[in-house]
Amino acid sequence: MFKKEVYINRRNKLKDKLKGGLVLLLGNKEASFNYPDNTYHFRQDSSFLYFFGLDLPNLAGIIDLDSGKEYLFGNDFSIDDIIWMGPQPQIKELAAEIGVENTEPFDQLGNYLKNAKNQGRNIHVLPFYRGDTVIQFSNLLEIHQAETEDYISSELIKTIVDLRSIKDQYEVEELIKAAAIGYKMHVTSMKMAKPGIIEQEIAGVLEGIAISYGAALSFPIILSQNGETLHNHYHGNILEEGRLLLTDTGAETNLHYASDNTRTFPVGGKFSQKQKDIYSIVLNGINHGTSLIKPGVTYQSIHLEVALVLAKGLTELGLMKGKPEDAVREGAHAMFMPHGLGHMMGLDVHDMENLGENYVGYDDEVKRSTQFGLKGLRLGRRLQPGFVLTNEPGIYFIPDLVKKWKAEKINSSFINYDKVLNEYSGFGGIRLEDDLLVTEKGHQLIGKRIPITVEEVEETMKS
Ligand code: GLY
Ligand code: MN
């Protein structure tokens, strides 16, 4: 945990910004996978972690915005628990670690909330993303599950997004630690990518690295020879010489700050000329994107600038045609990159996505596009110092998408469908992803850059 002043400060800021009523932050419970006591790896709710820091199940925090009082609800462990789990801290001790004065047994939470409700006080909660939390909240307030939605507070969401979007020095230090774990994972993936290896052999080693240096993976590993499938979690293919392997993975530190990087490299260690041609376009895209990152610029405009780099490169190769500027305006490049350039990152790999993507990535000024491709951009708004984000362009040859667009003549004035289908089927996909901090003057890479140029990658794979 951070020192207790960090959590006290964060709660004070919340109290300063939000007026009236009380804030309820429900911590997560254990989740079972095949019988009650066989549980998934426990993951605390990130907003609970942010304000209350405690990485244990069955807790709830209340911040009373009127009196300023803060409460931790939770039960002390019984001797029956301690026999199985070993000695455990008392709730009072846990509360002291995060500077919270008041503690109550968990079964008092329902009374507390019902009293507040009966007095007509505002109860602010965040959107629910687990079924058990919806049931818990409806039980606590004795309301129907459908009514739980009425308590979701846009004021609370906006305030928390404002606070969590700006990372402080302690958070940046944690993110750099996560990046160091991610670095080890990616270099290991490059070194292991030899013909004959099964993808899952690499994926398993990478997960082991994440766990041995931190808390866990920051999301299930994406590792595939079929990198054109954007979130490919199937790891059963045997690596073949001449194919590309896309690895998109990252770790969480013990405090749950994330890393998220992608590298794509040739099985066996040598890029073919055809692979180099596409790779260089994506590399130019990521480098150009990074060069534009600074406060005041919208990430939507950077996404479009990177799209232009990709469209120009694809036009030079004869895969696209016409004026690249027109192609990007019409969204034609999105057949090759149907996703957004990046997202916020922090305590969640897609930071705060459970609070609502548009609250996190958009605002009154920058609205989310509905255009294919651009609508997938999770972060579009103006950058501010302290934002941490990913920059992750890619070029993919997705057979079903190409065939559909060709059949429907979508953007046919900008795409050479025959060349795409005849010469690039089976090529796969290339994505490159770095994590960056927006600074006062520009940007800073989080951690050391994972080998990325053709030369660096080939050198790493050789050693
Ligand atoms: N790295 C996976 C994603 O950003 O969706
Ligand atoms: Mn990402």
Side-chain angles (χ1 to χ4, degrees), residues 43 46 129 165 167 175 178-179 181-186 189 199 202-203 206-207 209-210 214-224 226-235 244-253 256-265 282-283 285-286 289-290 293 299-300 302-303 306-307 334 337-358 360-361 368 373-380 383 387-396 398 428-438 443 445-447 449-450 452:
R43 181 54 160 81
S46 296
Y129 57 94
S165 292
K167 273 65 181 178
L175 288 159
I181 308 170
Y183 187 99
K184 286 196 168 74
M185 293 162 76
H186 278 278
S189 189
E199 291 161 346
I202 307 177
L206 304 193
E207 181 156 3
I209 294 172
L217 294 170
S218 50
F219 58 98
I221 294 182
I222 299 163
L223 183 148
S224 182
N226 299 320
E228 74 279 11
T229 300
L230 301 183
H231 279 181
N232 202 333
H233 300 301
Y234 175 74
H235 302 143
L244 290 165
L245 182 69
L246 184 149
T247 304
D248 180 351
T249 191
E252 281 194 355
T253 62
H256 301 289
Y257 284 85
S259 69
D260 179 10
N261 296 98
T262 309
R263 291 292 184 265
T264 311
F265 36 89
V282 183
L283 184 58
I286 192 172
T290 292
I293 293 174
Y299 210 48
Q300 198 176 55
I302 298 181
H303 170 105
V306 173
M337 180 175 137
H339 62 72
L341 185 64
H343 50 86
M344 292 270 216
M345 193 184 74
L347 273 169
D348 308 296
V349 69
H350 289 180
D351 210 21
M352 302 173 276
E353 198 160 291
N354 61 309
L355 306 188
E357 277 188 31
N358 288 348
V360 178
R368 198 173 187 129
L374 190 53
K375 72 179 177 192
L377 179 63
R378 293 188 161 99
L379 171 62
L383 304 180
F387 279 18
V388 168
L389 50 84
T390 68
N391 172 13
E392 49 179 309
I395 292 179
Y396 313 87
I398 306 170
I430 292 176
R431 175 163 68 254
L432 297 171
E433 178 175 21
D434 285 335
D435 305 330
L436 296 125
L437 167 71
V438 182
H443 57 266
L445 205 74
I446 306 271
R449 201 175 199 196
I450 298 164
I452 194 165

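In listed order, ligands and their atoms are each counted from 1.
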Show which atoms of ligand 1 fall inside a sub-4.0 Å distance from at least one heavy-atom site of [X].
X      : value
His350 : 3 (C), 4 (O), 5 (O)
Glu392 : 4 (O)
His343 : 4 (O)
His231 : 2 (C), 3 (C), 5 (O)

Cut-off under 2.8 Å, centre the Mn ion (ligand 2), protein N/O/S atoms: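 Atoms qualifying: Asp260 OD2, His343 NE2, Glu392 OE2, Glu433 OE2.
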What are the two closest heavy atoms between Val306 and Pro393, and how far apart are they?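 Taking Val306 first and Pro393 second, the nearest heavy atoms are CG1-CB, 3.8 Å.
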Asn232 to Tyr234 - nearest heavy-atom pair and separation: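 In terms of heavy atoms, the two residues are closest at OD1-N, 3.1 Å.
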Evaluate the criterion side-chain contact (heavy atoms from CB on, under 4.5 Å) for residue pair Ile446 and Lys167; output intermediate values, then yes/no. CA-CA 12 Å; Ile446 306 271; Lys167 273 65 181 178; over 6 Å; no
Taking the side chain as everything from C-beta on, heavy atoms only, tell me whether [X] gets closer than 4.5 Å to [Y].
X      : Y      : answer
His303 : Met337 : yes
Ile209 : Tyr183 : no
His233 : Ile222 : yes

With respect to atom 1 (N) of ligand 1, which of Thr390, Ile222, Asp260 exhibits the smallest heavy-atom separation?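 Checking each option, the heavy atom nearest atom 1 (N) of ligand 1 is found in Asp260.
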Determine, step by step, whether His231 and Phe219 satisfy the ring pair (Phe, Tyr, Trp, His ring centres under 6.0 Å) criterion, reporting the C-alpha distance in whole Å, the side-chain angles of both residues, the deciding distance to 0.1 Å, and the verdict. CA-CA 11 Å; His231 279 181; Phe219 58 98; 7.4 Å; no
Could you verify whether a donor N or O on one side chain and an acceptor N or O on the other, from Asp348 and Ser46, lie under 3.5 Å apart?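 There is such a pair between these side chains.
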Partner residues of His343 under the ring pair (Phe, Tyr, Trp, His ring centres under 6.0 Å) criterion, sequence neighbours left out: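 So His343 forms a ring pair (Phe, Tyr, Trp, His ring centres under 6.0 Å) with His350.
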Minimum-distance protein heavy atom relative to atom 2 (C) of ligand 1: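 Ranking protein heavy atoms by distance from atom 2 (C) of ligand 1, first comes Asp248 OD2, 3.4 Å.
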